[in-house]
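What follows is one structure encoded as structure tokens, with my remarks underneath.
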Amino acid sequence: MACIELKHGQEFLNRAAIHNLLGGNWQSGITMATKAKAILLFKNEEELYEDFFYPKGFYDYCLYTGIGRTGHQDSIQNYSYDLNVAVMSHKQQNKPLLLFEKRKGNYCFIGEYQLTETHQNVQPDDNNNLRRVFVFHLKKISDSIEIVLTEA
């Protein structure tokens with residue numbers, strides 16, 4: 001097993017580079033790493049539901065919208081339900097939340113976060129139907145992390 005360190009601001013050419021390193025879904029905003037014990041979160045300013053980081057210009061705290069573009073995110077019929085539950089139970093699973101941000105085509109590692117609270121909100125989905133979404137309150141706990149690769 002190999003070990004790698006991710007550092008704040010570390011750039012990846014594209015999402016495929018992160019996938020090749022850590023595994024997981026190539027497109028989902030939240031995905032389970034398959035080559036390491038971690039949950040990967042992706043922030044993309046071009047998305048309809050912008051996540052909020054504060055204080056402004058920093059990444060100390062974040063309100064991050066759960067995954068699932070249609071239907072209620074708290075419905076077990078939603079294909080992304082398990083991923084939202086994984087974020088809510090990441091401490092019990094001993095899986096760090098690793099946040100990446102898309103910047104001008106590249107992706108940057110922002111840091112390791114911890115869930116502090118969850119609430120629900122109502123937002124329109126991709127079909128413009130109102131639905132319940134999870135809003136995760138995240139606190140940055142580290143600018144860097146050492147990850148053990150398990151190769152899946």
Side-chain angles (χ1 to χ4, degrees), residues 1-71 73-74 78-119 121 123 125-126 131 133-152:
M1 289 190 287
C3 197
I4 61 159
E5 184 176 15
L6 297 174
K7 295 180 181 179
H8 178 81
Q10 182 176 344
E11 289 194 18
F12 296 86
L13 181 60
N14 51 36
R15 184 78 183 260
I18 298 168
H19 175 79
N20 290 338
L21 181 65
L22 300 172
N25 186 296
W26 290 59
Q27 295 177 324
S28 292
I30 299 173
T31 186
M32 304 296 285
T34 55
K35 297 179 181 181
K37 191 173 181 178
I39 300 169
L40 312 179
L41 308 174
F42 293 90
K43 176 188 181 314
N44 184 350
E45 291 179 356
E46 300 165 7
E47 286 293 315
L48 175 62
Y49 308 111
E50 185 174 338
D51 300 306
F52 298 96
F53 288 83
Y54 53 94
K56 193 167 179 77
F58 295 92
Y59 295 91
D60 297 342
Y61 297 93
C62 169
L63 297 179
Y64 187 93
T65 304
I67 189 170
R69 300 178 69 81
T70 58
Q73 290 181 352
D74 60 0
N78 188 309
Y79 70 95
S80 300
Y81 176 80
D82 291 342
L83 291 171
N84 288 317
V85 170
V87 171
M88 288 185 274
S89 63
H90 83 96
K91 289 180 203 173
Q92 293 85 350
Q93 296 179 53
N94 197 27
K95 291 186 177 183
L97 299 176
L98 307 180
L99 181 72
F100 296 84
E101 178 180 40
K102 185 176 183 180
R103 295 181 182 166
K104 298 179 184 171
N106 293 346
Y107 284 85
C108 289
F109 177 69
I110 301 302
E112 178 185 0
Y113 284 74
Q114 180 175 297
L115 181 70
T116 61
E117 184 180 334
T118 302
H119 79 268
N121 201 354
Q123 295 176 346
D125 67 10
D126 281 357
R131 48 60 180 275
V133 298
F134 292 109
V135 179
F136 302 121
H137 298 236
L138 306 177
K139 177 184 178 186
K140 184 186 253 189
I141 58 173
S142 180
D143 279 332
S144 64
I145 186 170
E146 206 166 275
I147 296 286
V148 176
L149 299 177
T150 58
E151 275 304 319

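Treat the numbers as computed from the prediction; the structure is a model and nothing was measured. All residue numbers refer to positions in the sequence shown, counting from 1.
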Could you measure the distance from the CD1 atom of Ile147 to the CD atom of Glu5? Nearest 0.5 Å is fine.
10.0 Å
Measuring from atom CZ of Arg103 to atom SG of Cys108, what distance do you get when rounded to the nearest 0.5 angstrom?
4.0 Å
Point-to-point distance, once rounded to the nearest 0.5 Å, from CG of Leu83 to CD1 of Ile39
8.5 Å
Looking only at heavy atoms, what is the nearest atom pair of Ser28 and Ile67, with distance?
CB-CD1, 3.7 Å
If I compare all heavy atoms of Met32 with all of Lys95, which pair ends up nearest, and what's the gap?
CE-NZ, 3.1 Å
Check Leu6 against Leu21 and note the closest heavy-atom contact, atom names and distance.
CD2-CD2, 4.3 Å
Taking the side chain as every heavy atom from C-beta outward, state whether Tyr107 and Ile18 have any atom pair closer than 4.5 Å.
yes
Within a radius of less than 6.0 Å around CD of Gln92, do more than 12 heavy atoms belonging to other residues, nucleotides or ligands occur?
yes
Could you tell me if the side chain of Lys102 sits less than 4.5 Å from the side chain of Phe42, heavy atoms only?
no
Closest heavy-atom pair, Gly23 versus Thr34, reported as atoms and distance to 0.1 Å, is CA-OG1, 3.2 Å
Would the distance check show the side chain of Asn25 and the main-chain N or O of Thr31 forming a donor-acceptor pair, the cut-off being under 3.5 Å?
no
Would you say the side chain of Leu149 lies within less than 4.5 Å of the side chain of Leu22, judging by non-hydrogen atoms?
yes
Run the ring pair (Phe, Tyr, Trp, His ring centres under 6.0 Å) check on Phe109 and Phe100 step by step: do they pass?
CA-CA 4 Å; Phe109 177 69; Phe100 296 84; 5.4 Å; yes
Is there side-chain contact between Thr65 and Gln123, with at least one heavy-atom pair below 4.5 Å?
yes
For Leu115 and Met88, the nearest pair of non-hydrogen atoms, with its separation, is CD2-CA, 3.5 Å
Is any side-chain heavy atom of Phe136 closer than 4.5 Å to one of Ile30?
yes
Decide if atom NZ of Lys139 counts as having more than 12 heavy atoms of other residues, nucleotides or ligands within a radius under 6.0 Å.
no
For Gly68, does its backbone N or O pair with a side-chain atom of Arg131 as donor and acceptor, under 3.5 Å?
yes
Side chain to side chain, Ser144 and His8, heavy atoms closer than 4.5 Å
no
Let me confirm one number: the CD-CG distance from Gln114 to Leu97, rounded to the nearest 0.5 Å.
8.5 Å
Find out whether Asn106 and Asn14 are in side-chain contact, i.e. whether some heavy atom of one side chain is under 4.5 Å from a heavy atom of the other.
no
Looking at every heavy atom in both Gly29 and Tyr64, which two are closest together, and how far apart are they?
O-OH, 2.9 Å
Close side-chain approach of Leu98 and Leu41, heavy atoms under 4.5 Å
no
Cationic N near anionic O, under 4.0 Å, Lys140 to Asp60:
no
Going by atom types only, do Asn78 and Gln73 share a side-chain donor-acceptor pair under 3.5 Å?
no
When you measure from the side chain of His137 to the backbone of Thr118, do you find a donor-acceptor pair of N or O atoms at a distance under 3.5 Å?
no
